[in-house]
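Please read the structure below before turning to the comments.
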Amino acid sequence: MERVIYLDNAATTRTAPEVVDVMLPFFSEHYGNASTVYGLGSKSKEAISKARETIAGILGAKENEIYFTAGGTESDNWALKATAEAYREKGNHIITSKIEHHAILHTCEYLEKNGFEVTYLDVDESGVVKLDQLKAAIRPTTILISIMYANNEIGTIEPVEEIGKIAKEHGILFHTDAVQAFGQVPIDVDALHIDMLSASGHKLNGPKGIGFLYIRKGVKIRSFIHGGAQERKRRAGTENVPGIVGLGKAAELAAATMEERTAKERELRDYMMARVLKEIPFTRVNGSRTSRLANNVNFCFQFIEGESLLIMLDMEGICGSSGSACTSGSLDPSHVLLAIGLPHEIAHGSLRLTLGADTTKEDIDLTIEAVKKIVTQLREMSPLYEDYMKKHV
Ligand code: PLP
């Protein structure tokens, strides 16, 4: 296979070889069910405890506050639905933002159909939640604030500490979807007043289909999956031991390499951002320039369709992502790009590139050249661009 330049690490990451290595014996050798009493099962039980301990240590949490799930989507669903149910007597109001992942937004829509009221906060042009609006939205019936730690499209990091403080002052639970942030930024759940936090293995060079939900001790939360006694009866079902072991290892590696890795990603990302803005006219960067994940850049190229750009980049062996989602035959621009105030026609021309631990300067240089070439070709075919140039140049 030809070498691929993989710049879609926000979508998923390559499972690190060290992670695969520690997982393999749990398929073939240590396959015992963790709920059994014999030695083979104890191996699995010990491995699960070790992974739990590693993750709790990284977050400054206690081991019995970490619940393994099948990934970010499940963790988000659990946090929202179970809190809503458990705190229903206190109130029926939830606050979130307009730029959340669909795992949150669609869960909120479901809750709205079931008698809950949801306030969707606006964000500013960088994608930062408006704290004044948050304070004003709080009602006596507010039971939960769920705001993402960092946005998956534009990389903006939200003011999580301030949000946590506001929630705490008002006695409201605070959940954060940290699927993009865990492993990329240091997180201390106590310092940030986080009551629940969702994370996912495949975003940090771990396996797919495994994640966790941190639930602070004392939070009244219902069991999400009913059955056996696994995960303290709150999330029943025989544990995905290889996945849990892999997630634990991935978390350990991500924490150990965080400083060096993100410094390298930031440098390459800033280099790419500067060159693209300088060398390709009618281009903008979406998201915050200061409060942003180190590996994320999101561009809008005026007069082109992001989808066409993606397909042509793929032909050059470059994987990226666009903010548009093809739903019912029409291209809907991303809800995140619309929420930061971009008009539809500009939001359509978006390209998200997310770097990883393996990204090299050569990858970035090749990508910049390819993007330049393709954007020029697409603009040459664009009647909008032709029109604009006739009128303005
Ligand atoms: N939340 C955010 C912010 C994400 O970026 C994603 C995945 O893209 C999810 C939730 C869903 O996670 P998973 O793919 O593990 O279900």
Side-chain angles (χ1 to χ4, degrees), residues 6-15 19 55 66-81 96-110 120-121 123 127-129 145-158 160 163 174-185 187 194 196-214 224-225 235 240 243-244 246-248 250-251 254 286-288 291-298 319-325 334-337 339-340 350 352-356:
Y6 186 74
L7 293 175
D8 202 15
N9 286 279
T12 197
T13 56
R14 184 169 80 106
T15 310
V19 170
I55 292 165
I66 305 297
Y67 296 85
F68 292 112
T69 65
T73 302
E74 183 185 319
S75 299
D76 285 346
N77 269 262
W78 186 2
L80 266 58
K81 289 178 186 163
T96 188
S97 81
K98 287 187 178 162
I99 62 162
E100 299 296 311
H101 189 270
H102 285 125
I104 294 287
L105 292 178
H106 290 165
T107 306
C108 284
E109 282 170 24
Y110 164 83
Y120 299 90
L121 299 177
V123 292
V128 178
V129 159
I145 297 173
S146 179
I147 304 286
M148 67 199 326
Y149 204 114
N151 183 267
N152 45 304
E153 290 187 33
I154 56 175
T156 298
I157 299 173
E158 297 299 333
V160 172
I163 297 168
F174 173 38
H175 165 255
T176 188
D177 173 345
V179 168
Q180 294 291 336
F182 182 70
Q184 285 288 112
V185 294
I187 303 178
I194 295 167
M196 287 174 281
L197 176 145
S198 305
S200 177
H202 73 104
K203 308 289 185 182
L204 51 138
N205 301 101
K208 294 173 179 56
I210 186 77
F212 68 86
L213 178 64
Y214 156 78
F224 191 55
I225 300 207
R235 201 276 184 185
N240 170 3
I244 292 172
L247 170 60
N286 303 309
S288 172
S291 181
R292 183 184 197 107
L293 292 175
N295 72 336
N296 170 294
V297 64
N298 187 308
C319 306
S321 147
S322 104
S324 306
S334 131
H335 65 287
V336 176
L337 298 182
I340 62 171
S350 73
R352 177 188 74 180
L353 298 172
T354 42
L355 289 64

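One-based numbering, in listed order, for ligands and for the atoms of each. If you're wondering where the values come from, they're calculated on a predicted model, not measured in any experiment.
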Q: List in chain and number order the residues that pass side-chain hydrogen bond (donor to acceptor under 3.5 Å, both in side chains) with S291, two or more places apart in sequence or in another chain; answer none if no residue qualifies.
A: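 Result, side-chain hydrogen bond (donor to acceptor under 3.5 Å, both in side chains) vs S291: none returned.
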Q | side-chain hydrogen bond (donor to acceptor under 3.5 Å, both in side chains) partners for Y110, two or more places apart | A |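 With neighbours one apart ignored, the set is empty.
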Q.
Can a donor-acceptor pair be found, under 3.5 Å and without considering hydrogens, that links the side chain of S200 to the backbone of G211?
A.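 Judged by distance alone, no pair lies under 3.5 Å.
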Q.
If we ignore hydrogens and angles and just use 3.5 Å, is the side chain of N151 paired with the main-chain N or O of I99 as donor and acceptor?
A.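 Here the side-chain-to-backbone pair exists.
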Q: Kindly tell me which protein residues have any non-hydrogen atom under 4.0 angstrom away from an atom of ligand 1, grouped by chain and ordered by number?
A: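 Only G71, G72, T73, D76, H101, M148, N152, D177, V179, Q180, S200, H202, K203 have heavy atoms that fall under 4.0 Å of ligand 1, ordered by chain and number.
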(Q) Once you measure the plane-to-plane angle for Y67 and W78, does it fall in the parallel (<30°), tilted (30-60°) or perpendicular (>60°) bin? (A)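 Perpendicular.
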Q. Taking only residues two or more places apart in sequence, or in another chain, which ones meet K98 in a salt bridge (Lys or Arg N to Asp or Glu O under 4.0 Å)?
A.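 Checked K98 against salt bridge (Lys or Arg N to Asp or Glu O under 4.0 Å); matches are D122.
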